[in-house]
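Presented below is the structure to which this report refers.
Note on naming: letters A, B, ... go to the chains in the order of the sequence lines (proteins, then strands), and numbering restarts at 1 for each one.
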2 protein chains.
Amino acid sequence: MDVDTRLLRYFAAVAEEGTLTGAAQKLFVSQPALTKQIRRLEDDLGVPLFVRSRSGMALTEAGRELAARVPALLDGWDEAVQATGRAARLLRLGFLDAGAVGAVHEVIAEFRRARPEWRVELRQFDWSDPSAGLARGEVDAAVVRLPFPGQEGLNVRELFVEERGVLLPARHPLANNGTVEFRELWDEPFVAAGAETGAWREHWLAAEEREGHPVRVGAVTSRPDEWLGAVAAGCVALAPASTARFYSHPDVVFRPVRGVSPSRVGLARPKGRTREATLDELLEAIARRLSRR
Amino acid sequence: MDVDTRLLRYFAAVAEEGTLTGAAQKLFVSQPALTKQIRRLEDDLGVPLFVRSRSGMALTEAGRELAARVPALLDGWDEAVQATGRAARLLRLGFLDAGAVGAVHEVIAEFRRARPEWRVELRQFDWSDPSAGLARGEVDAAVVRLPFPGQEGLNVRELFVEERGVLLPARHPLANNGTVEFRELWDEPFVAAGAETGAWREHWLAAEEREGHPVRVGAVTSRPDEWLGAVAAGCVALAPASTARFYSHPDVVFRPVRGVSPSRVGLARPKGRTREATLDELLEAIARRLSRR
DNA sequence: CTGCTTCTATAACCTGGTGGCATGGATGTG
DNA sequence: CACATCCATGCCACCAGGTTATAGAAGCAG
């Protein structure tokens, strides 16, 4: 019988979490999708894995047998992926926005000179996965924005802190001010990340700094160009200061904001994985460079 | 990064076989499908796994690393599937045609009385997989028709031998004869299994008994009802004698044939897997009953 | 008892992955 | 020089998997 490792991750998440709803949030998928997948797994195996109830999903005996084996299988696969990367002398780095990556390109160029036999791949991820590919094991390490959901399962090293400002349509009245008070933005329509990103979405809507004032969501997007487009079309969005340097749009302006917490940039890698010395070397170099700011 | 175990089996087959074309036959898929899948695996990993040449596919260093780990992962998964079956007291048997299964139903009924806590699931597979689900690990054991491709990788025990005859349209001139000479059928349009089944297809077209005379394929099908339908519509097809007892169609008749080898029925199970005592017990009972004929 | 909350299940719809067939291109071989 | 044997590509059909919206069941508070 064939399965996708994705399905195994789903199963493991539900087994651990005990509810579909909860697991769905951690996995960045909708609850109905999980319902269907878990049911399909049971159908394929011909064996019930959970007992459903109002309070959630409890493992059956067969489910416990499976749950006992799945983590090792997933780890085994991740290790195999890592091994092919090692064999091919490839290091994969994930990132979300050009701002956070900043001087990383220079570090990589130096690294390349020092270790010409290695290749470094820099992959950009969209905001549907705030872990920049780490959650799914698609990269060896990632430059991330803290905080994000799933962070606890990773090894995260904070690098630096950056003020957040706001992107405004060029014609917006506040676009003339030097600095904007966050309070003035409370009733503006915000660009938000997808609902599946939970706390990450909240953080970029600055839900905590609103003193209970409700959020108006004007657009939902997960990619930088759509994001700028939405602002040009009349929405507003919080953004780290570096955004102003790396992205630009004729009808969008960036203004500092008083009253929102800063954005923290970190370097993340999987927990407790076998260490690849060359990767450590690169990450160390990146950390040194970025922390300096 | 997520993969389907199917993709891993594909990779393992190509790695072992050394050619896409050859592996495709063993896997019962088309060669272009394999080409695409292997390429996708390489793209996902961001690492080339094979070096292509006119003579086939040679593993790269990274490919060897992967090939060294994949079998263990696949075995691990199969074992996990088996474990859930054990925990749920479930035995899965695959079969292809009602004829070969014959008295198995009675054996199962007896077994059920003796071990009421166990459940036996009898699953029918179509001819796109002559191993009746064993190749993909979908069953614990299977009643099969020998020979079939992939047989070497399994533990096969021959049970009995059964003459093959021919299914003819009722209005066919030969339908009046008592026994048909196979030679008389050489130019008839045959119903065949899909090209992906290789030697299995050949065997049921009796390619070896034609003394080089070419085959005329009148229809391709993988399911019993389509198969009978094709015969009713004017094709002919070889079939084991038991077919006459288990399938019937108003416009189709069965006649014995002289000059084709008989069909051998066997009981197959995965090689070198941990033995489940209860499964052994059931298989032993089936073997005893079927061999008696 | 009623309304709210918190679970899972179902329905309708959309998209992209996966496979099949037919065909092309490259490269040794009789 | 034709042929056989590989792998790659283009086009098409289908289904698995996702999303949103909504229903259904069951505790819990007033």
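Here the closest non-hydrogen pair linking A/Pro71 and A/Ala67 is CD-O, 3.0 Å.
For D/dC7, one of the phosphate oxygens OP1 or OP2 lies less than 4.0 angstrom from a side-chain nitrogen or oxygen of B/Thr21. One finds no side-chain N or O of B/Arg52 lying less than 4.0 angstrom from the OP1 or OP2 phosphate oxygen of D/dC6. Contact between the side-chain N/O atoms of A/Ser30 and the OP1/OP2 oxygens of D/dT19 is found at a separation under 4.0 Å.
A/Thr5 places a side-chain N or O within donor-acceptor distance of the main-chain N or O of B/Val3, the cut-off being under 3.5 Å.
Relative to the side chain of A/Val29, the nucleotides C/dA9, C/dG20, D/dT19 differ in distance, and D/dT19 lies closest.
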What does nucleotides 21-29 of chain D look like as a protein-contact string, B for base, S for sugar-phosphate only, - for none, at under 4.0 angstrom between heavy atoms? B----SS--
Distances under 3.5 Å only, N/O to N/O: pair up the protein atoms with those of nucleotides 14-17 of chain D.
unit_1 : atom_1 : unit_2  : atom_2 : d
D/dG17 : OP1    : A/Arg40 : NH2    : 2.9
D/dG17 : OP2    : A/Arg40 : NE     : 2.5
D/dG17 : OP2    : A/Arg40 : NH2    : 3.0

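The distance between the ring centers of B/Phe50 and B/Phe11 falls below 6.0 angstrom.
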Using side chain to side chain donor-acceptor pair (under 3.5 Å), reason through B/Thr21 and B/Gln25 one step at a time and then give a plain yes or no. CA-CA 7 Å; B/Thr21 318; B/Gln25 282 175 10; over 6 Å; no
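Put simply, CG on A/Leu34 is 14 Å from P on D/dT20, counting in whole angstrom units. When rounded to the nearest whole Å, the span between CG of A/Leu20 and P of D/dG18 equals 13 Å. When rounded to the nearest whole Å, the span between CD1 of B/Ile38 and P of C/dG19 equals 11 Å. Put simply, CZ on B/Arg39 is 9 Å from C1' on D/dC7, counting in whole angstrom units.
Within residues 11-19 of chain B, no residue approaches DNA chain C, by heavy-atom distance under 4.0 Å.
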